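First the structure, in the form of structure tokens, and then the observations on it.
These figures come from a predicted structure and were not determined experimentally.
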Amino acid sequence: MRARSRTNITTSPESRQPCVDNPLRVSCGVLSASDVGKTVELDGWVHRRRDHGGLIFIDVRDRSGITQVTFDPSKGETFALAETLRGEDVVSVRGTVRRRPAGTENVKLATGEVEVPADGLEILNRSETPPFVIAAEEEPAEEVRLRYRYLDLRRPRMQRNLTVRHKIVKAIRDYFDEHGFLEIETPNLIKSTPEGARDYLVPSRVHRGSFYALPQSPQILKQILMIGGLGRYMQIARCFRDEDPRADRQPEFTQVDVEMTFVRQDDVLEVMEGSMRYVWRSALGLEIPSSLPRLTYAEAMRRYGSDKPDLRFELELLDVADLFRGGAFGLFADLAESDANRVIALRWPGGSSLSRRDFDAVTELAKTFGAKGLAYISLAPDGIKGSIARFVDEPLAAALRERTGAQDGDAILFVGDAARGASEVAGRLRLEIGERLGLRKPDAFAFCWVLGFPLFERDEESGEITFSHHPFTAPAPGQEALFDSDPLAITAQHYDLVLNGYELGSGSIRNHQAEFQRKVFKRLGLTDEQIDDRFGFFMEALTYGAPPHGGMALGIDRIVMLACGETSIRDVIAFPKNQMARDVMMDAPSGVPDQALKDLGLQILSIPPKPAE
RNA sequence: GGCGUUGUAGCUCAGUUGGUUAGAGCGCCGCCCUGUCACGGCGGAGGUCGUGGGUUCGAGCCCCAUCAACGUCGCCA
């Protein structure tokens, strides 16, 4: 079982209103003692049956819940029919609501005070024996769940998650509507603009040899909406990126996409964090702080070893290079000689109870994070132990205790390396410690902003300068002068919203002057010809009085995942792709008839041999 | 593409150091049962242990390869 959010979201009754032509029909989760005496019709699935031979209980289920129906042998034909019922059969039951006999109420059930003795039963459809039991506590393998998604979706957990998703999306729409935003749709068949992620391409039949691309995001289109004078735009937008899926991302995903004219960075932050505050309050019934913490990118890396820090717990990365300078431990003493390195200490509360084997395992883990090794000391009651204990004399031990706040019973991990690598390794170890100590609670929500990213970074493979966000991001005011002298030192007007260690999304103030935008493209190594070929329409638009503008996009799937206490976005998407980007229910992607390829002017060069299974 | 974990009945899993006929719970089928709600009782069916190869007198277990799912790195403007 996954951990649950503390939000008490329940799936809403489908409707309390009877059908127009069937005034008796009620949902399965709504009946209570006040309905006693009413004649009703319950339509739903057979959730469970308890056949006592002379008396049959059937739990009838729909999205709203469960009502117990009883079948008595005195109703001959109805009873005989009830004996044939099996799980997931679809039934329509008529009867008059009655109070359950004293002592047989079920407090675990919302409708547990009452039951419906069946006067009539209609079997609307039979079900094959399902491959897994919807009512079971055990969760089938995800592969099975996705193959039979229509059955998986009947499980209360998925119904709850999709309900939360609906409420969150509705809250987002309400919020932006109240703040003067227009929801505007943008096309899904657009022009491929290289750079960034791999595009999904759609071949054109009418224009053989040409392709549309599915949008990686509506970025350029929303900027053009701003140039079009729409002022405030939002969209629940589907985005497509042909990259390998993970637990928190898949090839198609949904963003709340926002853009505004005549705004500065703080205006965007205020609107966006307001939207999250509104969502948490109205969809989840929870309050989040009135102003969210803000960290610079440099600070986030220094203190948490990540540009998306999990602030549900402290355990910060602490610099201790100075304490090792000139000391007995040569490796750290050497590292301490340069500011380009870091020696980071991580306190592990209670860590001295770990065995040598445990520390070895953590060391192995650190190596998978890219560490060359891991040093540690354990502050055991009977003295300091651990891999570098023999280099830690009393004064150093005292200084380390002072710096880290470590006490007897704790351990301290040390990561020493070039600053960037050391920070990242220590940051991941921090998450591991937090995880093991149970500090990453699924029902805690710690938002923060990360600001002050560099505008450019150096691509490690090619050595070329590339953008760190996207090429439309504006530099911080007054930093244009660094463009030629020291581009990597330029700070961007770019911001990330982070929740519990996940990047919910990012945004920026955009370049709104064509001349400057061209300068950025050129700095990224594009020629005038390339700029005009790929972005000509956009460059032209910028020349016709483009207003200053900026915005942001947040990942709905991740927001809902965290709100639901889930660890995979696939559990909050009705029909997700698996890790190989396949839809295993539909069996997509799949081949197409030769004629379809012919129409498109396409020819398949080779198909990899089909795996023998 | 790399690394890790997993793969045994429809589902969830156990299976000792390599040793006779591979087990459990749920589900399924049959019979019994009038107050259950994970109903209960009795009986039964259901497995080429992912696939291929190897080591061995003997492989669910060891080795190699491969496929798949999940996680992760690369990748994700």
Centroid under 5.5 Å and tilt under 30°, His52(A) to rC39(B):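 His52(A) ring centre within cut-off of rC39(B) base, planes near parallel; stacks.
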Verify stack between Phe57(A) ring and rU36(B) base, 5.5 Å, 30 degrees: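 Stacking is present between rU36(B) and Phe57(A), given that their ring centres fall under 5.5 Å apart and the planes under 30°.
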Stepwise side-chain hydrogen bond (donor to acceptor under 3.5 Å, both in side chains) test for Gln68(A) and Arg50(A): CA-CA 10 Å; Gln68(A) 173 169 285; Arg50(A) 294 176 292 282; 3.0 Å; yes
Atom CZ of Arg126(A) with >12 non-hydrogen neighbours under 6.0 angstrom: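 Yes - once you tally the heavy atoms of other residues, nucleotides and ligands closer than 6.0 Å, there are more than 12.
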Lys577(A), NZ atom: more than 12 neighbouring heavy atoms under 6.0 Å: yes
Nearest-angstrom distance from the residue atom CD of Glu142(A) to P of rU6(B): 18 Å
Mate of [N] where both pairing distances stay under 3.5 Å, Watson-Crick or G-U:
N	result
rU6(B)	rA68(B)
rG30(B)	rC42(B)
rU36(B)	none
rG74(B)	none

Residue whose nearest RNA chain B nucleotide is more 5′ - Glu105(A) or Arg241(A): Glu105(A)
5'-most by nearest nucleotide on RNA chain B - Val133(A) or Ala247(A): Val133(A)
Please classify the nucleic acid contact of [X] as base, sugar-phosphate, or nothing, using heavy-atom distances under 4.0 Å.
X	result
Thr473(A)	nothing
Asp242(A)	nothing
Ala141(A)	sugar-phosphate
Arg86(A)	sugar-phosphate
Pro140(A)	sugar-phosphate
Glu128(A)	nothing
Glu457(A)	nothing
Arg428(A)	sugar-phosphate
Arg98(A)	base
Glu143(A)	sugar-phosphate
Arg570(A)	sugar-phosphate

Geometric class of the Phe472(A)/His470(A) ring pair [parallel <30°, tilted 30-60°, perpendicular >60°]: tilted
Aromatic plane relationship, Phe535(A) with Phe521(A) - under 30° parallel, 30 to 60° tilted, over 60° perpendicular: parallel
Pair Ser508(A), Arg510(A): side-chain N/O donor-acceptor within cut-off below 3.5 Å: yes
Side-chain donor-acceptor contact under 3.5 Å, Tyr233(A) with Asp257(A): yes
With sequence neighbours excluded, residues passing salt bridge (charged side-chain N to carboxylate O under 4.0 Å, His left out) with Asp532(A): Arg518(A)
I'd like a table of atom pairs between the protein and nucleotides 43-47 of chain B - only N or O on both sides, under 3.5 Å - with the distance next to each one.
none

Inter-nucleotide P distance (rU20(B), rU36(B)), Å rounded: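 Nearest-Å result for rU20(B) against rU36(B) at atom P: 45 Å.
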Residue Asp244(A), side-chain heavy atoms: nucleotide from rG74(B), rU72(B), rU36(B) that is nearest: rG74(B)
Candidates rC33(B), rG35(B), rC28(B) - which lies nearest the side chain of Asp51(A):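 From the listed options, rC33(B) comes nearest.
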Check: rC37(B) base within 3.5 Å donor-acceptor of Arg100(A) side chain: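 Indeed there is one.
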Donor-acceptor pair under 3.5 Å, Glu137(A) side chain vs rU12(B) base: no
